[in-house]
Amino acid sequence: MEEILRIEDLHFHYGANHALKCVNISVGKGEIVAILGSNGAGKTTTLRCVSGLLGKPTSGKILFQGDNIISKKAERIVSSGISHVLEGRHVFPKLTTKENLFLGAFRKDRSFAAGLDYVYALFPRLMEREKQEAGTLSGGEQQMLAVGRALMSKPQILLMDEPSLGLAPLIVKEIFEIIKKINADGVTVLLVEQNSKAALNVAQRGYVMVTGEVALSADAKCLMQDESVRKHYLGEG
Ligand code: ATP
């Protein structure tokens, strides 16, 4: 399979805290890949390194379509085709739904209208609420808006950090259906989730991180059957 993203021997420090210790992750074009792990394992830090939000990591390579992006600025990374849905649904609360989507687009021309049509088809509720201030949307709608905004830049790969966090079960189900739909439309997805079961249900492959390192990587089906994964991450056994 053609590789779209490769994280190679990645190290990252927050001051003296060695948060990522030689992380290696590979994502194939068109895949959904999940990163699982307990709190503090380094999942968010990994995604933030890819999208350039933390500045230059200590060492390692991040290859996007073969190009090492490790020193690139976040704006250049997003314009090259990597979009990041941050943990905690960061929408601009005083702007309307449509204005939030407008901010996600690069070109405010006809491609904005096409992007908007796509996002509204995925999330009809956002269209119904396009004039509503984002801060007054429900938690689920804000998450949809955060995902929709990330899609407005027409990414090739979408990094998603805990998209289901704090949402009601029905909305969680909807979010995972949307992830499958986005992927079926050709977008590769790298997904960080505490809801490991739901993540492994949509992903083809998964990585388990433990204290800044990849402890295990396998097909999602194998991970679901792995005894330690079942015990520690799926709440079984
Ligand atoms: P969670 O699910 O809790 O977000 P995570 O797997 O995403 O966990 P990270 O948030 O990447 O883990 O954290 C990895 C390590 O880096 C932890 O030890 C954490 O305390 C530390 N860390 C994270 N953000 C910062 C920061 N801004 N400054 C200093 N240390 C940080």
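One-based numbering, in listed order, for ligands and for the atoms of each. This chain uses plain numbering: 1 for the first residue, then up along the sequence.
No side-chain donor-acceptor contact under 3.5 Å links K94 to the backbone of G135. Distance alone, capped at 3.5 Å, places no donor-acceptor pair between the D9 side chain and the V23 backbone. At distances below 3.5 Å, at least one donor-acceptor pair connects side-chain atoms of N100 with backbone N or O atoms of F92.
Closest to atom 23 (C) of ligand 1, if we only count protein heavy atoms, is Y14 CE1, 3.4 Å. Of the protein's heavy atoms, G40 O, 3.7 Å lies nearest to atom 15 (C) of ligand 1. Distance from atom 12 (O) of ligand 1 to its nearest protein heavy atom, with residue and atom name: G42 N, 3.1 Å. In terms of protein heavy atoms, atom 4 (O) of ligand 1 is closest to T44 OG1, 3.5 Å.
Remark: E75 does not engage K73 in a salt bridge, criterion side-chain N to carboxylate O under 4.0 Å. Under a 4.0 Å N-O distance rule, the pair K72/D67 qualifies as a salt bridge.
Using a non-hydrogen distance threshold of 4.0 Å, S38 registers as a contact of ligand 1. Within the structure, the closest approach of G37 to ligand 1 does not fall below 4.0 Å when heavy atoms are considered. Ligand 1 lies nowhere less than 4.0 angstrom from a heavy atom belonging to R48.
Heavy atoms of N17 found under 4.0 angstrom from ligand 1 belong exclusively to the side chain. For M209, no heavy-atom contact with ligand 1 is shorter than 4.0 Å.
For ligand 1, the polar-atom distance check finds no N/O of A19 at less than 3.5 Å from any of the ligand's N/O atoms. Taking only nitrogen or oxygen atoms, main chain and side chain alike, Q194 reaches within less than 3.5 Å of ligand 1.
Set against the non-hydrogen atoms of E162, the atoms of ligand 1 under 4.0 Å away are 2 (O).
Ranked by closest heavy atom to atom 13 (O) of ligand 1, the top entry among L47, T45, N39 is T45.
Ring to ring, F12 and Y14 are close: their centroids are under 6.0 angstrom apart.
Between Y207 and N24, the side chains place no donor N or O within less than 3.5 Å of an acceptor N or O (distance only, hydrogens not considered).
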List the steps and the verdict of side-chain hydrogen bond (donor to acceptor under 3.5 Å, both in side chains) for H11 and T58. CA-CA 5 Å; H11 288 257; T58 312; over 6 Å; no
Salt bridge (charged side-chain N to carboxylate O under 4.0 Å, His left out) evaluation trace for E227 with R230: CA-CA 5 Å; E227 211 171 300; R230 291 170 73 107; over 6 Å; no
